[in-house]
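Before any comments, here is the structure.
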Amino acid sequence: MVRDMRLSTYFLPVLKETPNEAQILSHRLMLRAGMVRQASAGIYSWLPMGLKVLRKIEAIVREEQDRAGAQELLMPTIQSAELWQESGRYDAYGPEMLRIRDRHDREMLFGPTNEEQITDIFRGLAKSYRDVPKILYHIQWKFRDEIRPRFGVMRGREFLMKDSYSFDITADDARKAYYKMFVAYLRTFARLGLKAIPMRADTGPIGGDLSHEFIILAETGESQVFCHKSFLEMDPLSLAADYDGDLKPVFDAWTHNYAATEEMHDPAQEAALGDDLVTARGIEVGHIFYFGTKYSKPMGATVTGPDGQPIPLEMGSYGIGVSRLVGAIIEACHDDAGIIWPESVAPFKVGLVNLKSGDAATDGMCETLYGQLRAAGVDVLYDDRDERAGSKFATMDLIGLPYQLVVGPKGLKEGMIEVKTRATGNRETLTPEAAVHLLTA
Ligand code: 5CA
């Protein structure tokens, strides 16, 4: 049985006024729909409904990592400065890194990413070429003291990231790991209801020479991006996800046409595209890097090869902005009335609206429907409050559940209830049995 969720008792602090600190739509909607509350600049508490969405996104990201053969572990948020001194990034990372001293005056930091930490784990525990290939990942909070935290959870200071790290002994094998994660990302974003385009990207402070950002196009995006218009039509879920097979053809199919972020863009190639060029704003939801031995060499992370000689590990890292995705999905999926969740990440599948709380017939029918749907494993939020119909509809549209099941005394006299599909606005009058059938099919 799915958990009991009645609006009369659920903690859903919906705001009537539009908060004026929010500059973009997803941030306004997240505040209005009671999903998050700002704790301090760029740092948010996740309220029950926001957390539900975050967890659903996290679960899809995890499933696709596991499917690709990556193994989950969990590294701490607080790291020792020593590891970063070994890699040479402690000073290079600059003021974005939150530096902390413990009671013994030891230098610590709140991790902005985990290349050093995972390299340290691997060098300590993996000894032989037989210990690779491996892809390890975790889903953990990061801290970056961004100069301009903004747009709510989209550019936070504390944010949830999925970061994976691959270990191989040849550059060729490391590329295979890169292709695997590339395909896992296509699948992940498609399942989240997003069209994310892989674009050639700059490697920035992570380093390396091969990198793609996964970008969803949105007017409010922070990056300027350029791509061939064919990307708008490509369908990631039509791909075979046979991770044991050769994934280079899939990678080639997705990268042979031009797509680049601002840092990597090439005006000559763009001019040659003519009318086929799309210039747009985009939101970076994922970023993957191949950087070879950049960390393994200075940190002495080697395994012994078949001939007994040490081989420095070939590595890559692969990030997804899990908390950023909550805002990004809203940027991609909304209308004037509010959020329109893709079913895969919706906090509840169905909102049950009782148009006349206190009326024996409507109350009775609502309880019956609520019980049947929950018994069938459907996540339902029941609006059992004694409120005006108009305000109930506005709340349902705002929070964006895929289906609204509306029960009122008039319809019930005819033995009918209404199902509204949030995405299309389409309403159907059905018998209660037909409605339950539709929503449990
Ligand atoms: N170590 C590498 C890959 S694991 C890394 O840190 N890559 S990253 O810097 O590109 O970050 C990975 C993803 O985290 C980005 O694609 C983005 O979606 C998300 N992200 C980065 N900074 C923030 C931020 N300030 N707020 C929210 N999400 C962020």
Side-chain angles (χ1 to χ4, degrees), residues 24 26-27 30 36 38 41-44 46 54 57-58 61 65 70 73 75 77 79 84 87 89 93-98 110-119 135-167 177-178 181-182 184-185 188-189 192 194 196-208 210-216 218 221-223 225 261 263-264 282-291 294-295 315-331:
I24 61 167
S26 57
H27 189 197
M30 285 181 75
V36 289
Q38 185 175 315
I43 304 179
Y44 290 86
W46 291 79
L54 188 69
I57 295 173
E58 198 182 316
V61 170
Q65 287 296 301
L73 45 61
M75 291 177 269
T77 54
Q79 303 180 23
W84 289 69
S87 74
R89 278 207 295 184
Y93 215 93
E96 263 192 24
M97 182 185 276
L98 183 65
F110 196 121
T113 176
N114 287 64
E115 279 81 2
E116 283 78 359
Q117 186 111 62
I118 195 84
T119 305
I135 304 178
L136 302 170
Y137 76 98
H138 72 162
I139 302 177
Q140 177 64 291
W141 293 91
K142 306 289 188 285
F143 196 94
R144 293 182 186 173
D145 205 350
E146 298 275 351
I147 190 159
R148 261 193 88 197
R150 57 183 183 154
F151 302 159
V153 300
M154 296 251 264
R155 182 163 296 281
R157 292 199 296 166
E158 191 179 65
F159 59 97
L160 188 59
M161 191 200 287
K162 184 288 297 173
D163 38 327
S164 312
Y165 302 89
S166 63
F167 297 91
Y178 190 91
M181 284 296 112
F182 188 94
Y185 277 36
T188 302
F189 297 125
L192 295 173
L194 296 172
I197 303 172
M199 302 195 176
R200 282 301 299 238
D202 189 22
T203 54
I206 310 291
L210 176 61
S211 173
H212 287 86
E213 283 181 21
F214 285 75
I215 301 272
I216 61 169
E222 289 190 283
S223 337
V225 295
T261 59
E263 295 77 21
M264 295 296 280
I283 301 169
E284 176 201 329
V285 287
H287 198 164
I288 61 178
F289 304 83
Y290 163 61
F291 46 71
K294 177 180 153 105
Y295 300 91
M315 293 173 59
S317 73
Y318 315 87
I320 291 183
V322 178
S323 50
R324 172 177 289 183
L325 273 165
V326 180
I329 291 170
I330 297 174
E331 287 296 325

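First listed ligand is number 1; within each ligand, the first listed atom is number 1.
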Keeping the roles fixed (side chain from [X], backbone from [Y]), state whether a donor-acceptor pair exists under 3.5 Å.
X      : Y      : result
Ser164 : Tyr137 : no
Arg155 : Arg148 : no
Gln140 : Met75  : yes

Original post:
Around ligand 1, what residues show up once you keep those with a heavy atom under 4.0 Å from it?
Top reply: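 Correct list: Thr113, Glu115, Arg144, Glu146, Val153, Met154, Arg155, Gly156, Phe159, Met161, Asp163, Ile206, Glu284, Val285, Gly286, His287, Phe289, Ser317, Tyr318, Gly319, Gly321, Arg324.
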
Original post:
Does a side-chain N-to-carboxylate-O contact under 4.0 Å join Glu115 and Lys294?
Top reply: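 Looking at Lys294 together with Glu115, the answer is no, because their closest N to O distance does not fall below 4.0 Å.
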
**OP:** Indicate whether the side chain of Ser87 and that of Glu116 have a donor and an acceptor atom separated by less than 3.5 Å.
**Re:**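 Judged by distance alone, the side chains do pair up.
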
Original post:
Side-chain donor-acceptor pair under 3.5 Å between Ser223 and Glu284, yes or no?
Top reply: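 No, because no side-chain N or O of Ser223 sits under 3.5 Å from a partner of the opposite role on Glu284.
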
